[in-house]
Amino acid sequence: MNDDNRISAPPPKDIITNILVAIQTIRDQLPFLVSLTAQQRKEMPKMRDRSAAFDDKCTTYMASNPELVPGWWTAL
């Protein structure tokens with residue numbers, strides 16, 4: 001496993017404050033977003049056998065062909 005992305009020191013409090021302010025600004029700009037109720041979450045489509053198999057296959061291809069994975073993708 002690659003250890004390049006580990007944080008070796010906690011960020012300063014002013015940076016944390018700036019980040020939290022920025023997150024609040026984003027939330028303020030997106031007032032149309034709503035939280036789902038427990039019932040709505042329950043009724044949403046779920047990963048089934050076929051879609052889970054497709055996801056596994058994609059993950060395998062991404063791991064074996066990293067040159068095809070976009071640079072912003074960090075899920076691997």
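With sequence neighbours left out, the side-chain hydrogen bond (donor to acceptor under 3.5 Å, both in side chains) criterion links T37 to Q40. Under the side-chain contact (heavy atoms from CB on, under 4.5 Å) criterion, K42 pairs with Q39, not counting sequence neighbours. For N18, there are no side-chain contact (heavy atoms from CB on, under 4.5 Å) partners at least two apart in sequence or on another chain.
The CG atom of L20 sits 12.0 Å away from atom CD1 of I15, with the distance rounded to the nearest 0.5 Å.
Applying the under-4.5 Å side-chain rule to Ile, Leu, Val, Met, Phe, Trp and Tyr, the cluster around L68 consists of that residue alone. Clustering of Ile, Leu, Val, Met, Phe, Trp and Tyr side chains at separations under 4.5 Å leaves F54 isolated, with no partner residue.
In terms of heavy atoms, K46 sits closest to R41 at NZ-O, 2.9 Å.
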Can I get a per-line list of side-chain donor-acceptor pairs under 3.5 Å for residues 23-35, giving both atom names and the distance, sequence neighbours left out?
| from | atom 1 | to | atom 2 | distance (Å) |
| --- | --- | --- | --- | --- |
| Q24 | NE2 | D28 | OD1 | 2.9 |
| T25 | OG1 | V21 | O | 2.9 |

